[in-house]
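Written out below as structure tokens is the structure these notes cover.
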Amino acid sequence: MASSAASKPSVVDPTDLKSFQDHLKNSKRILALLGAGLSASSGLPTFRGAGGLWRTHDATELATPEAFARDPGLVWQFYNYRRHMALGAKPNPAHYALAALAKKRGDEFITLSQNVDGLSPRAGHPAETLKLLHGSLFDLKCSSFFCNHMERDNYTDPVCPALAIPTEPGTDNPIDTTAKRDLDISNISVPLPSIPASELPHCPTCQTGLIRPGVVWFGESLPGKVMDDVDAFFDSGEQVDLIMVIGTSSKVYPAAGYVDDARAMGARVAVVNMDRRDAPKSGMCEGDWMFEGDAAAILPELFREEIGELKEEDMKDLAGN
Ligand code: BV8
């Protein structure tokens with residue numbers, strides 16, 4: 001990857017950039033904690049974007065087993081909508097820059113993602129060092145406590161016919177599908193049909209349980225294997241040199257707690273966020289960096305010295321979009 005830094009105007013303070021790149025160069029063990037802000041430039045709404053609401057519902061309230069038990073049709077419309085949006089989106093240069101750094105650094109660089117949108121995997125981020133703390137929109141599992149049916153990487157859109165996103169009248173003609181315009185069901189003014197459980201996907205294994213998205217809902221524990229891998233990285237007892245906190249409001253636990261755990265292992269903290277007020281709970285300490293702005297513009301610059309210039313041909317969306 002030829003590097004001609006001159007092409008892109010710098011979006012980072014040169015002094016901070018130099019000190020960060022020097023530290024990155026001398027860092028052996030690195031962590032990154034990712035949040036919804038990473039995918040903002042791919043056009044995906046963040047959790048707190050739109051006031052954290054989906055239609056009139058608090059998104060964190062919909063992301064609970066209680067909401068699914070109460071109205072699985074509504075919760076599936078919420079997740080089917082997010083699958084549809086994520087499938088229509090593309091990884092951005094921040095996803096590719098992280099993937100390129102991960103390919104170079106191997107298992108000394110572990111990325112902890114709170115995102116369920118599948119964009120980091122689509123940018124080619126190596127699966128062995130990408131820990132999906134909160135699961136994936138594209139995994140499906142049985143909601144019955146007694147059944148452990150799990151289907152990974154299901155990209156069917158809609159998940160089932162009843163969840164098809166309504167289209168604008170007159171735009172759904174079979175000949176020219178490009179004219180089709182979805183109605184934005186995240187907007188309260190668009191009527192949302194109520195979908196009975198009988199029309200929702202059921203578990204092919206136990207035949208009784210409803211299928212649910214393979215994400216971690218509030219009140220649920222994180223995937224055991226993922227937690228073990230993260231604990232193994234921390235329990236090696238070796239110093240952690242750097243943690244990059246990218247596009248997250250650091251409000252959800254245990255994910256947000258890893259920043260302090262890394263700091264306790266000697267790490268300096270580099271925050272990349274559109275809003276400098278969204279610093280980690282423990283605040284910013286001497287030697288930390290706050291890079292305020294768009295992750296899609298900042299990450300390629302922060303990593304340029306190590307990964308070179310990101311070229312169009314290097315940014316291949318593995319979903320082939
Ligand atoms: C559990 C999947 C226990 C589903 C998600 C300790 C203290 C307090 C509370 C708790 C605690 N421990 C546990 C809790 C309870 C709870 C919790 O943390 N509650 C919070 C709300 C206070 N945690 C849990 O319930 C966890 N489970 O603890 O289980 C247990 C243990 C054993 C046995 C049984 C139970 C599970 C939490 C996971 C929930 N699932 N997602 C779904 O996605 O639908 S969380 C979900 O919300 C996301 O994954 C993410 O984690 C979070 C959203 O946060 P962000 O990603 O940061 O997004 P946000 O919109 O907030 O911010 C975006 C940021 O980007 C902003 O800062 C913005 O400025 C910035 N930005 C915007 N544009 C850009 C940008 N930055 C850069 N560039 C841009 N262009």
Side-chain angles (χ1 to χ4, degrees), residues 11-12 32-54 57-68 74-83 85-86 89 91-95 97-98 111-120 131-141 145 186 212-224 226-227 244-261 270-282 289-302:
V11 291
V12 176
L33 177 65
L34 313 181
L38 176 73
S39 301
S41 295
S42 298
L44 295 184
T46 64
F47 251 72
R48 270 154 230 281
L53 290 181
W54 187 75
H57 306 281
D58 171 342
T60 53
E61 209 292 301
L62 282 176
T64 63
E66 295 76 21
F68 189 74
L74 173 67
V75 171
W76 253 125
Q77 282 167 308
F78 172 55
Y79 282 100
N80 182 69
Y81 167 81
R82 292 171 62 193
R83 284 167 57 101
M85 296 295 284
N92 66 56
H95 295 102
L98 283 162
T111 295
L112 312 176
S113 183
Q114 300 171 84
N115 297 342
V116 295
D117 57 29
L119 293 184
S120 287
K131 305 303 172 189
L132 301 178
L133 300 178
H134 298 161
S136 166
L137 289 170
F138 302 103
D139 291 347
L140 301 179
K141 63 183 189 180
F145 185 79
S186 72
R212 56 163 281 182
V215 296
V216 177
W217 281 331
F218 288 94
E220 294 184 326
S221 61
L222 277 54
V226 168
M227 295 294 275
M244 298 179 279
V245 183
I246 302 164
T248 182
S249 59
S250 302
K251 289 196 173 61
V252 170
Y253 289 78
Y258 290 126
V259 180
D260 301 336
D261 298 346
V271 175
V272 177
N273 196 299
M274 196 59 101
D275 181 340
R276 68 174 41 254
R277 289 167 304 172
D278 273 356
K281 281 288 147 304
S282 51
W289 297 270
M290 169 57 80
F291 296 110
E292 187 173 32
D294 177 9
I298 292 173
L299 290 193
E301 187 158 354
L302 293 184

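Numbering of ligands and ligand atoms starts at 1, following listing order. Just so we're clear, the structure is a prediction, and the values are computed from it rather than from any experiment.
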| Qualifying residue, where the test is side chain to side chain contact (heavy atoms under 4.5 Å, CB included) with M274 and the options are I298, T46, D294 |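 Between M274 and the candidates, side chain to side chain contact (heavy atoms under 4.5 Å, CB included) is satisfied uniquely by D294.
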Please confirm whether [X] comes within less than 3.5 Å of ligand 1 when only nitrogen or oxygen atoms on both sides are compared.
X	result
N273	yes
F47	yes
A36	yes
G247	yes
Y253	yes
V216	yes
V272	no

| said: I'd like to know if the side chain of N273 reaches the main chain of G247, judged simply by a donor and an acceptor atom lying under 3.5 Å from each other, with no hydrogens or angles considered. | reply: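 No; zero donor-acceptor contacts below 3.5 Å.
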Side chain to side chain, [X] and [Y], heavy atoms closer than 4.5 Å:
X	Y	value
F78	S186	no
L34	S120	yes
V226	L133	yes
L299	M244	no

| Sub-4.0 Å heavy-atom approach of G219 to ligand 1 |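 Checking ligand 1 against G219, which is what was asked, there is a heavy-atom contact under 4.0 Å.
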| query | Looking only at non-hydrogen atoms, which of R277, R82, E292 approaches atom 42 (C) of ligand 1 most closely? | reply |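 Comparing heavy atoms across R277, R82, E292, the nearest one to atom 42 (C) of ligand 1 lies in R82.
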Suppose I only count heavy atoms of [X] and a 4.0 Å limit; which atoms of ligand 1 are within that range?
X	result
D275	69 (O)
G293	77 (C), 78 (N)
G35	56 (O)
K251	20 (C), 22 (C)
D294	78 (N), 79 (C), 80 (N)
Y79	4 (C), 42 (C), 44 (O)
Q114	48 (C), 49 (O), 50 (C), 51 (O)
A63	44 (O)

Does [X] approach ligand 1 within less than 4.0 angstrom via side chain, backbone, both or neither, non-hydrogen atoms only?
X	value
T46	both
A295	both
E220	backbone
T248	both

Can you name the closest pair of heavy atoms from [X] and [Y] and give their distance?
X	Y	result
V272	A295	CG1-CA, 3.9 Å
L33	A256	CD2-CA, 4.4 Å
D117	S39	OD2-OG, 2.6 Å

Just distance, no hydrogens or angles: give the donor-acceptor pairs under 3.5 Å from side chains in residues 216-224, sequence neighbours left out.
{"from": "W217", "atom 1": "NE1", "to": "Y79", "atom 2": "OH", "distance (Å)": "2.9"}
{"from": "E220", "atom 1": "OE1", "to": "R212", "atom 2": "NH2", "distance (Å)": "3.1"}
{"from": "E220", "atom 1": "OE1", "to": "W217", "atom 2": "N", "distance (Å)": "2.7"}
{"from": "E220", "atom 1": "OE2", "to": "R212", "atom 2": "NH1", "distance (Å)": "2.7"}

| What do you reckon, is OH of Y253 surrounded by more than 12 foreign heavy atoms closer than 6.0 Å? | yes
| Is there a donor-acceptor contact under 3.5 Å linking the side chains of S42 and N92? | yes
